[in-house]
Amino acid sequence: MKRCIWLLTLVLVLVAGPASAGCDFDSTDPRCLCNHEAIQPSALLPAVQQEAVRVRMRLCLQNGTEQEVFRALATAVRDTSGWMDPFGGFADGLNLNQMLLEEDFPALGPPLDGPRWLEDRLYFSPHNLAQCDMHAHSLEPGNKCNDVFMEFHALYSYALDTLAKFDEVATLVALTELSTSWDKFLRQSRGQTPLELWFNTRSYHARRAQQFSPPPDRQWILLHPMLVMEHLSAAEEGSRTKAGLAIEVAGVNFWRQRAWYRPTGGSVIASYTDRPGVNGWAYGAMVHFGNAYSIGVTSRSGDLGILASLDFVKLIQDKNAVLDRYTNP
Amino acid sequence: MATPILVLVHGMGSHTENTLREEVETVLNEAYALYPSLEGTFASQVELLPVSYDTFFETYRQSLTRQNSPLHGALQALGGNATPIASAAVALNAIDLALSGDSFFHTHWLDVILYRYTMLAEPVRIHVAKAINGAVVRAGAGNVHILAHSLGTSVVHDALHTLYTHGAHRVGRPPIALNPRRSTLGSVHMVANVSHALQRTHKVGNSLVRPGRYGCTHHFAQYQHILDPIVRVEPFEPANDGRWVSHPEYLDKFYWDRPSEVTRANVHGLTHYLAIPSVHRHLFKLLFPPFKTLQAERNAADTTFFGGNAPDEAAALREITEVPPGAFDHPVLRLLQQAKALKDMVSGFKEVFR
């Protein structure tokens with residue numbers, strides 16, 4: 001039996017390669033488990049170990065699908081249902097493996113306060129602790145019943161991990177894509193005032209689903225003040241091109257638009273200028289490009305003006321430096 | 001067992017991954033050393049994974065500063081409030097300017113407001129969920145433990161609930177989530193738990209963030225210092241009535257510590273909590289099973305800790321907690337009010353509030 005287990009683990013190592021780091025924080029394939037170090041032979045539960053290794057082999061040597069690994073795990077749990085019998089069995093005639101099968105393979109935590117597991121309201125503990133201790137010691141001097149429970153926990157976790165890894169890496173891939181999407185939004189989108197942030201949050205929450213979601217496609221613009229450079233032909237010479245102030249009363253910006261020649265959004269604006277010979281107030285419209293640059297036209301009692309504004313947030317904010325700080329602390 | 005990973009999630013204020021790691025490593029190394037029968041050091045037996053989300057709020061705060069400084073200067077140059085449009089722009093800008101300063105409001109309280117009330121919460125939750133998921137992939141869920149502090153308890157609660165229920169959006173495919181029964185975390189530790197006061201969509205007590213059969217973690221612990229005024233605002237107080245978890249799970253998998261020892265003014269601080277023996281011993285028990293210490297060394301550790309008793313600070317803390325809540329009914333505003341009171345008191349003792 002021990003030789004069989006050694007052979008199985010040796011095959012696993014030879015095929016998978018030398019021991020390495022295994023799964024990492026950004027692994028995208030459940031087969032990252034196949035880089036793990038071979039497990040040590042078990043003196044207490046060799047049959048359980050053999051079955052646990054078979055489950056891992058289904059993934060690593062036979063390139064098993066999630067369904068195939070599931071079936072292998074079910075077979076392993078069913079075929080080892082009597083593992084506690086040599087140690088006197090469980091109290092109250094309970095069978096842990098039967099529970100694992102019925103509950104669709106829940107994870108087990110390590111036994112913290114002696115050899116027992118609590119599953120909802122059921123305690124799985126040895127029927128005769130002294131007998132369990134004695135048998136454990138006979139298999140490996142110095143060991144006790146708690147060591148048997150720890151061993152089963154480790155082996156079952158080894159097998160279950162093989163199945164759980166499919167969903168775990170798939171979820172990680174999805175979260176990584178979402179994270180990248182939000183990074184882009186924070187880097188590239190138009191700067192928002194607190195008022196706009198509040199309004200866009202309301203809009204986002206109204207449409208967002210309950211899962212982790214990507215950033216909004218659009219940003220609503222609301223009462224956004226800005227500096228502009230406005231040219232008024234109707235003004236007196238010497239004051240035709242002058243800096244001024246404008247407020248984007250309402251508008252929208254589609255931040256993902258990257259083609260430089262296509263507008264990202266537009267706004268209805270109000271602007272004021274103090275120049276001799278022209279009305280102070282003007283109303284008009286503005287078109288935005290690249291989430292930063294805006295060009296517009298205004299009308300003052302029929303006198304047209306042309307203005308351009310630079311979004312200072314986009315131009316001078318060094319978002320990359322801030323984000324680099326958290327990705328490379 | 002494989003080396004456990006302890007994911008660290010900070011509270012309000014300025015934190016980097018390095019400062020968070022250093023703070024936790026220092027206090028827990030010292031705590032571990034109080035028990036000579038234990039092998040090695042704390043840091044040698046655990047992989048710390050600090051997760052900082054402060055950058056998301058800092059990015060926005062800096063964007064306000066950069067947006068408004070030149071605008072404010074230009075407004076002044078153009079005649080200040082002399083023109084109607086200028087005065088309107090100044091009025092709108094005043095809000096921006098007020099939020100982009102460097103006072104305590106901006107470095108601490110603003111974090112709570114931005115998390116609770118804006119869409120910036122979404123990338124924060126995704127960032128934390130991704131870190132936890134990465135740890136689960138790397139070490140196996142049972143070897144992943146989470147330690148969250150203050151505002152971080154709300155972030156972790158929200159991130160975990162979504163990670164294990166509705167999951168992550170995928171283009172053209174159904175969303176994907178972790179299976180709480182198969183990818184069950186080793187333990188979740190909520191230090192200065194304020195998740196109930198800050199809850200929004202996912203109600204604490206009804207969520208999947210609980211231990212046992214219907215939760216996402218094997219063990220759940222919360223630590224609420226009796227004299228910490230911040231955690232006294234709408235605290236999470238689950239009863240052993242079989243509704244949150246079963247009776248056996250409440251006794252076996254839930255740990256609720258309410259320490260009252262005071263060794264410094266800032267009892268809300270993570271360092272103060274982790275230095276308390278009832279806190280760090282429970283953490284070690286779940287990180288390093290089977291965890292056994294000698295009674296004599298536990299007594300010695302307790303004596304060492306209690307030797308740092310700070311009665312003046314304790315008296316000052318009692319004055320805060322005995323003050324009736326202010327006029328604000330909303331738990332978020334009351335929490336900020338309590339936090340300010342604590343911060344002012346802590347400053348009086350020349351300590352740093354974090």
Side-chain angles (χ1 to χ4, degrees), chain A residues 23-27 104-107 109-110 112 118-121 146 154 157 160-161 163-164 167-172 174-176 178-179 182 186 191 193-195 197-198 200-201 204 209-214 223 225 227 243 245 247 271-272 274 312-313 316-317 319 322-323 325-326 329, chain B residues 1 16-18 52 55 58-59 62-63 66-67 70-71 74 78 83-86 88-89 92-93 95-96 99 118-119 122-123 125-127 129-130 133-138 140-142 162 166-170 175-179 181-184 212-213 218 246 248-249 252 285 289-290:
Chain A
C23 290
D24 212 339
F25 292 105
D26 54 2
S27 293
D104 202 23
F105 311 114
L112 296 179
L118 170 63
E119 176 63 24
D120 197 8
R121 292 172 177 79
N146 197 63
S157 298
L160 181 63
D161 210 23
L163 178 63
D167 275 352
E168 289 168 6
V169 298
T171 308
L172 183 60
L175 285 171
T176 303
L178 284 174
S179 191
W182 274 99
L186 294 172
T193 65
L195 178 65
L197 182 60
W198 169 81
N200 280 301
T201 297
Y204 181 70
Q210 295 229 28
Q211 65 251 26
F212 291 124
S213 300
L223 300 178
L227 296 174
L245 291 169
I247 293 181
S271 74
Y272 187 88
D274 184 16
F312 281 91
V313 173
I316 64 177
Q317 176 179 350
K319 283 180 179 172
V322 177
L323 280 168
R325 266 220 313 277
Y326 94 78
Chain B
M1 273 185 77
T16 66
E17 279 155 15
N18 283 340
S52 174
T55 316
E58 176 71 7
T59 302
Q62 289 192 2
S63 77
R66 290 193 170 101
Q67 170 180 256
L71 186 56
L78 288 168
T83 60
I85 197 69
L92 289 169
N93 217 38
I95 301 172
D96 297 7
L99 293 177
T118 77
M119 69 166 79
E122 189 71 358
R125 286 192 285 259
I126 289 171
H127 180 64
K130 177 170 163 264
N133 198 160
V136 166
V137 166
R138 176 171 165 82
T162 305
H166 308 289
H169 166 88
R170 292 190 296 182
I176 180 81
L178 293 186
N179 185 327
R181 294 289 271 154
R182 293 192 190 145
S183 299
T184 314
R213 171 76 173 81
H218 289 301
S246 67
E249 285 173 334
D252 210 75
K285 176 182 173 184

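In what follows, every chain begins at residue 1, and chains take the letters A, B, ... in the order their sequences are listed.
Listed by chain and number, the residues in a side-chain contact (heavy atoms from CB on, under 4.5 Å) with T184(B) are A107(A), H218(B) (sequence neighbours excluded). By the salt bridge (charged side-chain N to carboxylate O under 4.0 Å, His left out) test, D167(A) pairs with no residue at all, sequence neighbours left out.
Heavy atoms closer than 4.5 Å to chain B are found in both the backbone and the side chain of F105(A). Using a 4.5 Å cut-off between heavy atoms, P123(B) contacts chain A through both its backbone and its side chain. Looking at A129(B), both its backbone and its side chain come within 4.5 Å of chain A, counting heavy atoms on both sides. Proximity to chain A (any heavy atom under 4.5 Å) is restricted, for R170(B), to the side chain, taken from C-beta onward.
Comparing L118(A), D26(A), L163(A) by heavy-atom pairs within less than 4.5 Å of chain B, the highest count is held by L118(A). Of all the listed residues (A168(B), G140(B), G212(B)), the one sharing the greatest number of non-hydrogen pairs under 4.5 Å with chain A is A168(B). Per-residue counts of heavy-atom pairs under 4.5 Å with chain B were compared for D161(A), T176(A), N200(A); the largest is that of T176(A). With chain B as the partner, the residue from S213(A), S27(A), S157(A), A164(A) showing the most heavy-atom pairs under 4.5 Å is S213(A).
At least one donor-acceptor pair closer than 3.5 Å links the side chain of E249(B) to the backbone N or O of S246(B).
With contacts defined as side-chain heavy-atom distances shorter than 4.5 Å, the pair F212(A)/E122(B) qualifies. Using a 4.5 Å heavy-atom cutoff, the side chains of R182(B) and D104(A) are in contact.
Atom CZ of residue R138(B) and atom CG of residue N133(B) lie 14.0 Å apart, to the nearest 0.5 angstrom.
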